[in-house]
Amino acid sequence: MQDKKITFIGAGNMAGSIINGLVKGGYPANLICASAPSLTNTQKLADELAITASQDNNQSASWADVIVLGVKPQMMADVCKALVDGGVDFTNKLVISIAAGVSVTRFQSVLGENTAVIRTMPNTPSLLQKGMTGLFASQQVSAQDKDFASELMGAVGEIVWVEEESQINGVIAAAGSAPAYFFLFMESMQKKAMEMGFSKEDARLLVQQSAIGSAEMVKQNAHLDLETLRNNVISKGGTTAEAVRTFNELNLPEIVGKAMQAASDRGAEMEKLF
Ligand SMILES: NC(=O)c1ccc[n+]([C@@H]2O[C@H](COP(=O)([O-])OP(=O)(O)OC[C@H]3O[C@@H](n4cnc5c(N)ncnc54)[C@H](OP(=O)(O)O)[C@@H]3O)[C@@H](O)[C@H]2O)c1
């Protein structure tokens, strides 16, 4: 990975996990700074990982080659405006946003229209270095900077680049919001298992281990499509066949499609708000 000075503006859950992944993956801690109004998160990161903690966004951003913006979407415009007003020059810097719902155009309207901006959309398993991140680069971003961003977000999981910015909303639908879909499915299964007489703990274990095992089977059998994996569990006239027939009768695929569309539509709406 190229050695660049990276400043994280905002160092909560998501930025903190990226910093963790970077340092544990061997990135030099002295090239990483985390800046936030309080030292609550940043000092902990500094103590554990030997990065620099700061409460001065302007100074930290001016020092860096790469600025990772990790504040909440609703405060992003104000935080960026304060950097510009504080004299930070973005001309030769790469800006990487991890915020949902803030468009490249919006960033460039505040930071300068020729600013190199990469929008990323990670998901919560990034906290365990098992994340899935989609990335989109504005046309000002060089191939070298794209490689850098690939490695940065690769520190917390898998990555995929999208060609069109609107596809970031597809990433939100298929990955960003997806952990909640799987949790809802698992919750529903746990509830039914409890109705079938299992304790809460046993019901959770039954569901949790089945989910982990199934996900691992998907990962380890990349040569098999998902339909084949499903059919391999089903014997004619058996129990799984009955469950899957019931799901299909109730049109689970259509329900999933509608939910994903709703997530994507909301992502597009949010881009108008922030
Ligand atoms: N968590 C996720 O699963 C997830 C997934 C995808 C994308 N994201 C995106 O990641 C971003 C951060 O989410 P999060 O869950 O990590 O939030 P979080 O844990 O609440 O962290 C927010 C951070 O922003 C800092 N902050 C607030 N005002 C600031 C300012 N003026 N200047 C610098 N830093 C400031 C906070 O500092 P203090 O500690 O001092 O309050 C805190 O460190 C959001 O834009 C979100 O859309 C999150």
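Computed from a prediction, not measured in an experiment: that's the story for all the values here. Read the numbers this way: they start at 1 and go in the same order the structure lists the ligands and their atoms.
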ask   = Under 4.0 Å between a Lys/Arg side-chain N and an Asp/Glu carboxylate O for Glu201 and Arg204?
value = no
query = Got a salt bridge between Lys258 and Asp265, using NZ or NE/NH1/NH2 to carboxylate O under 4.0 Å?
reply =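 Looking at Asp265 together with Lys258, the answer is no, because their closest N to O distance does not fall below 4.0 Å.
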request  = Evaluate the salt bridge (Lys or Arg N to Asp or Glu O under 4.0 Å) criterion for residues Lys93 and Asp145: first the C-alpha distance (whole Å), next the side-chain angles of each, then the deciding distance (0.1 Å), finally the verdict.
outcome  = CA-CA 10 Å; Lys93 296 190 192 295; Asp145 280 348; over 6 Å; no
query = Is the Tyr27 ring parallel, tilted or perpendicular to the Phe148 ring (thresholds 30°, 60°)?
reply = perpendicular
What does the contact table look like for ligand 1 (nitrogen or oxygen on each side, cut-off under 3.5 Å)?
{"from": "ligand 1", "atom 1": "16 (O)", "to": "Asn13", "atom 2": "N", "distance (Å)": "3.1"}
{"from": "ligand 1", "atom 1": "16 (O)", "to": "Met14", "atom 2": "N", "distance (Å)": "2.9"}
{"from": "ligand 1", "atom 1": "17 (O)", "to": "Lys72", "atom 2": "NZ", "distance (Å)": "3.4"}
{"from": "ligand 1", "atom 1": "19 (O)", "to": "Asn13", "atom 2": "N", "distance (Å)": "3.0"}
{"from": "ligand 1", "atom 1": "32 (N)", "to": "Asn57", "atom 2": "ND2", "distance (Å)": "2.9"}
{"from": "ligand 1", "atom 1": "34 (N)", "to": "Gly10", "atom 2": "N", "distance (Å)": "3.4"}
{"from": "ligand 1", "atom 1": "39 (O)", "to": "Asn41", "atom 2": "ND2", "distance (Å)": "2.9"}
{"from": "ligand 1", "atom 1": "40 (O)", "to": "Ser38", "atom 2": "N", "distance (Å)": "2.9"}
{"from": "ligand 1", "atom 1": "40 (O)", "to": "Ser38", "atom 2": "OG", "distance (Å)": "2.7"}
{"from": "ligand 1", "atom 1": "43 (O)", "to": "Ala11", "atom 2": "N", "distance (Å)": "3.0"}
{"from": "ligand 1", "atom 1": "43 (O)", "to": "Gly12", "atom 2": "N", "distance (Å)": "3.2"}
{"from": "ligand 1", "atom 1": "43 (O)", "to": "Asn41", "atom 2": "ND2", "distance (Å)": "3.4"}
{"from": "ligand 1", "atom 1": "45 (O)", "to": "Val71", "atom 2": "O", "distance (Å)": "2.6"}
{"from": "ligand 1", "atom 1": "47 (O)", "to": "Ala100", "atom 2": "N", "distance (Å)": "3.3"}

ask   = For the side-chain contact (heavy atoms from CB on, under 4.5 Å) test, which of Ile118, Val68, Thr133 pairs with Ile98?
value = Val68
ask   = Going by heavy atoms in the side chains, are Thr115 and Phe107 under 4.5 Å from each other?
value = no
